[in-house]
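The structure presented is a predicted model; accordingly, all values stated were derived computationally and were not measured.
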Amino acid sequence: MPELPELEVLRRGLEDEVIGKTVSDAIVNKQPCVNPKPPAYQKAMVGAKITAARRNGKIVLLDLDNGHTLLLHLGLGGRIVLRDSLLHDPDQAQIVIAFQDGSALHAERLMFGNIHVLPTDKLNADPRIGNAGPDALDELPAAAQLRDIYGKRKSALKALLLDQSALSGIGNMYSNEILHRARLHPQTLGAQLSDAELQRLHDAIHDALTAAIADGGASETNFTDLHGNKGRHLEHLRVHGRAGEACPECGTTIKELRVSGRPTFICPRCQRKKPVRRRKK
DNA sequence: CAATCGTCCTGCGGGC
DNA sequence: TGCCCGCAGGACGATT
């Protein structure tokens, strides 16, 4: 499933390729994917020029010059590619946004993904924007501020990293990579974290996301950039999906477990559970 | 099943 | 000590 790094790769592609283009047609092959429903969807889109490509967590935002903004949400395994022409199998895509210059964005294989159009000044009405915490890349708070976000909570770090209202953009794969880089066990409680551990967590978040973006993202399922490139980060993952392989730090066999109901990969040596503090008499 | 959001329920702490 | 309220966190359902 695409997470923050993959969406940043997509955003950069959109910034390079579609800013200034004017929408000539908005085709919907799969109704549940768009909001509002046609024909209101087309009314908000057709004739509008794209002015900016932004990202908020896992949501990519395309601003239009008519006061609306397009929210792109890839969901579990979708991708968005730029085709040379509308004639290129438009029925294969769930959604096609065609431009006056003959190019077109095709949204394909969106699972739980969708495209919404909202007035730009009402973006907060969408909970994925309005309830989102700071972006884990662009707005990552310093370690000391992370205590306000994670350090007071009595949930497992695994669940906290996945909580989009705490920090936005981290999903299951990068939560595994971050916890390994930070040498923290996923069941560590937020409130148990020392200052040094919060610093490690901060650095791990930054480093894991930045490294993935530099690799063009990781394509676990169907993600590609605008041109169909999958990205090279899958082969650089340290623990995610690597149960039975050797930890790149210490060689110990990587183990899979479930934490907060999610597949979780750890090195049992690098990521030891904090001892449960005995209650004093 | 996948990931996320919304809803519902429980349990805990604080205030009185 | 006991009760109520509010909130945090966990479970569960809906979504495609």
Side-chain angles (χ1 to χ4, degrees), chain A residues 1-8 10 27-38 41 55-61 71-80 91-96 106-116 118 123-136 147-179 186-193 208-209 212 217-224 234 237 240-241 243 256-265 276 279:
Chain A
M1 81 256 65
E3 303 178 30
L4 187 153
E6 288 73 41
L7 287 146
E8 177 61 15
L10 174 65
I27 300 166
V28 177
N29 291 324
K30 207 174 172 196
Q31 292 266 352
C33 293
V34 298
N35 193 296
K37 301 260 173 279
Y41 169 73
R55 183 186 54 75
N56 199 316
K58 303 182 198 178
I59 307 280
V60 170
L61 303 157
L71 285 77
L72 308 177
H73 180 206
L74 294 192
L76 290 190
R79 68 171 187 171
I80 292 178
D91 291 341
Q92 295 290 79
Q94 287 147 347
I95 296 158
V96 176
H106 288 221
E108 302 171 349
R109 288 171 264 178
L110 302 182
M111 208 202 279
F112 292 160
N114 49 60
I115 294 184
H116 290 194
L118 281 176
L123 284 180
N124 280 337
D126 188 307
R128 295 167 300 177
I129 302 292
N131 297 340
D135 185 82
R147 184 169 293 290
D148 297 333
I149 295 175
Y150 290 142
K152 295 173 177 168
R153 295 183 56 181
K154 294 185 184 116
S155 300
L157 259 187
K158 174 79 179 179
L160 294 179
L161 286 170
L162 295 172
D163 179 354
Q164 304 298 298
S165 68
L167 283 190
S168 60
I170 299 166
N172 194 42
M173 181 169 75
Y174 289 104
S175 75
N176 288 328
E177 295 295 296
I178 288 165
L179 288 166
Q187 285 172 331
T188 311
L189 304 185
Q192 285 181 293
L193 294 172
L209 299 179
S219 187
E220 233 193 341
T221 47
N222 290 319
F223 174 81
T224 67
L234 205 53
L237 294 176
H240 181 83
E256 176 172 3
L257 48 154
R258 285 189 95 82
V259 179
S260 304
R262 312 296 296 285
T264 302
F265 298 86
V276 179
R279 190 195 296 166

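In this structure, the CZ atom of A:Arg258 is 10 Å from the C1' atom of B:dA2, given to the nearest Å. B:dA2 atom P lies 11 Å from atom NE2 of A:His240, rounded to whole Å. Taking atom CE of residue A:Met173 and atom P of nucleotide B:dA3, one finds them 11 Å apart after rounding to whole Å. Rounded to whole Å, the distance from CZ on A:Arg109 to P on B:dA3 is 18 Å.
For the 3.5 Å distance criterion, the side chains of A:His106 and A:Gln94 fail to qualify, holding no donor opposite an acceptor. Counted by atom type alone, A:Tyr41 and A:Gln31 present zero donor-acceptor pairs between their side chains at under 3.5 Å. There is no side-chain donor-acceptor pair under 3.5 Å between A:His116 and A:Asn35.
Each of A:Val60, A:Ile129, A:Asn56 was scored for a side chain to side chain contact (heavy atoms under 4.5 Å, CB included) with A:Leu71, with one residue passing: A:Ile129.
The backbone N or O of A:Pro263 sits nowhere less than 3.5 Å from a side-chain atom of A:Glu256 that would complete a donor-acceptor pair. When atom types are taken as modelled, the side chain of A:Arg262 and the backbone of A:Thr264 share no donor-acceptor pair closer than 3.5 angstrom. Here the side chain of A:Asn114 pairs no donor or acceptor atom with the backbone of A:Val34 at under 3.5 angstrom.
Looking only at side-chain heavy atoms (C-beta outward), A:Leu160 and A:Arg153 come within less than 4.5 Å of each other.
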Below 3.5 Å between N/O atoms, which protein atoms pair up with nucleotides 9-16 of chain C? Just atom names and distances, please.
| unit_1 | atom_1 | unit_2 | atom_2 | d |
| --- | --- | --- | --- | --- |
| C:dG9 | OP1 | A:Lys154 | N | 3.0 |
| C:dG9 | OP2 | A:Arg153 | NE | 3.2 |
| C:dG9 | OP2 | A:Arg153 | NH2 | 3.4 |
| C:dG10 | OP2 | A:Ser155 | OG | 3.3 |
| C:dT16 | O3' | A:Lys30 | NZ | 2.9 |

Please write out the pairs of protein N or O atoms and N or O atoms of nucleotides 5-8 of chain B separated by less than 3.5 Å, giving the distance to one decimal.
none

